[in-house]
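Contents: one structure, followed by commentary.
Numbers here simply count residues along the sequence, with the first being 1.
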Amino acid sequence: MVCFGCRYLVNATAYWLQDVRGPMILWTLGSGVLAGLYFPLGFLPGPLETVLRYATPFPSILQVPLDVLVEREPMATGLTLVAVQAGWAVLLLALCRLVQRRAERRLVVQGG
């Protein structure tokens, strides 16, 4: 759900930019690095990893599910990570709804 919400927001930029290829390239590169695809986020220094893990939705796409699956963290920390992931999903889906409403209003104003 977190990945869907992020991709939805990236694709919604087409309402304003008329072309989504640029944001999609940035999304592909940025999400791979920040989600832990290219290297595990545990390799980062402690404070940077903590900020990245809790302040951005990217680790909830790949790193958090993998950490919970392989039981890298204790059960309490794993439940906290899942709760953070659920929080990001709710926040992103609410933001998607807001962006969709604004985009529909803009589309109607454009005459579409």
| task | Verify the cluster assignment for Val2 and Leu66: are they in a single hydrophobic cluster under the rule of side-chain heavy atoms below 4.5 Å apart? | result | yes
| message | Please determine whether residues Leu98 and Tyr15 belong to a single hydrophobic cluster, defined as Ile, Leu, Val, Met, Phe, Trp and Tyr linked transitively by side-chain heavy-atom distances below 4.5 Å. | response | yes
| request: Only pairs at least two apart or in different chains count here, so list each ring-ring contact (aromatic ring centres under 6.0 Å, His included) that has a residue in residues 33-54. | output: none
| query | Out of curiosity, Leu93 CG to Leu9 CG, how far, rounded to the nearest 0.5 Å? | reply | 9.0 Å
| request: Output the distance between atom CD (Gln63) and atom CD (Gln85), rounded to the nearest 0.5 Å. | output: 11.5 Å
| task | Determine whether Leu91 and Leu81 fall in the same hydrophobic cluster, where Ile, Leu, Val, Met, Phe, Trp and Tyr are linked whenever their side-chain heavy atoms lie under 4.5 Å apart. | result | yes
| task | State, yes or no, whether a side-chain contact exists between Leu52 and Pro59 at a heavy-atom distance under 4.5 Å. | result | yes
| Roughly how far, to the nearest 0.5 Å, is CZ of Arg101 from CD of Glu104? | 8.5 Å
| task | Find out whether Arg21 and Leu26 are in side-chain contact, i.e. whether some heavy atom of one side chain is under 4.5 Å from a heavy atom of the other. | result | no
| task | Compare all side-chain heavy atoms of Tyr8 with those of Leu92 and state whether any distance is below 4.5 angstrom. | result | no
| Looking at side-chain heavy atoms only, is the closest gap between Val64 and Asp67 below 4.5 Å? | no
| Just by distance, do the side chain of Thr80 and the backbone of Ala76 share a donor-acceptor pair under 3.5 Å? | yes
| Distance (rounded to the nearest 0.5 Å) between Leu95 CG and Gln100 CD | 12.0 Å
| note | Taking every heavy atom of Leu41 against every heavy atom of Val33, the minimum-distance pair comes out as CD2-O, 4.2 Å
| task | State, to 0.1 Å, how close Val20 and Val10 come at their nearest heavy-atom pair, and which atoms those are. | result | CG2-O, 3.5 Å
| field | Rounded distance [0.5 Å steps], CE in Met1 versus SG in Cys6 | value | 11.5 Å
| note | Residues Asp19 and Pro23: closest non-hydrogen pair is O-CD, 4.1 Å
| request: Check Ala35 against Ile61 and note the closest heavy-atom contact, atom names and distance. | output: CB-CB, 4.5 Å
| Heavy-atom count around Arg97 CZ within 6.0 Å, excluding the residue itself: above 12? | no
| note | To the nearest 0.5 Å, atom CE of Met24 lies from atom OG of Ser31 at 8.5 Å
| said: Quick check against the 3.5 Å criterion: does Thr77 have a side-chain atom that pairs as donor or acceptor with the backbone of Glu73? | reply: no
| said: Quick test of your reading: applying ring-ring contact (aromatic ring centres under 6.0 Å, His included), list the pairs with at least one residue in residues 55-100, sequence neighbours left out, ordered by first then second residue. | reply: Trp27-Phe58
| remark: Between Val68 and Gly78, the two heavy atoms sitting closest are CG2-O, 4.0 Å
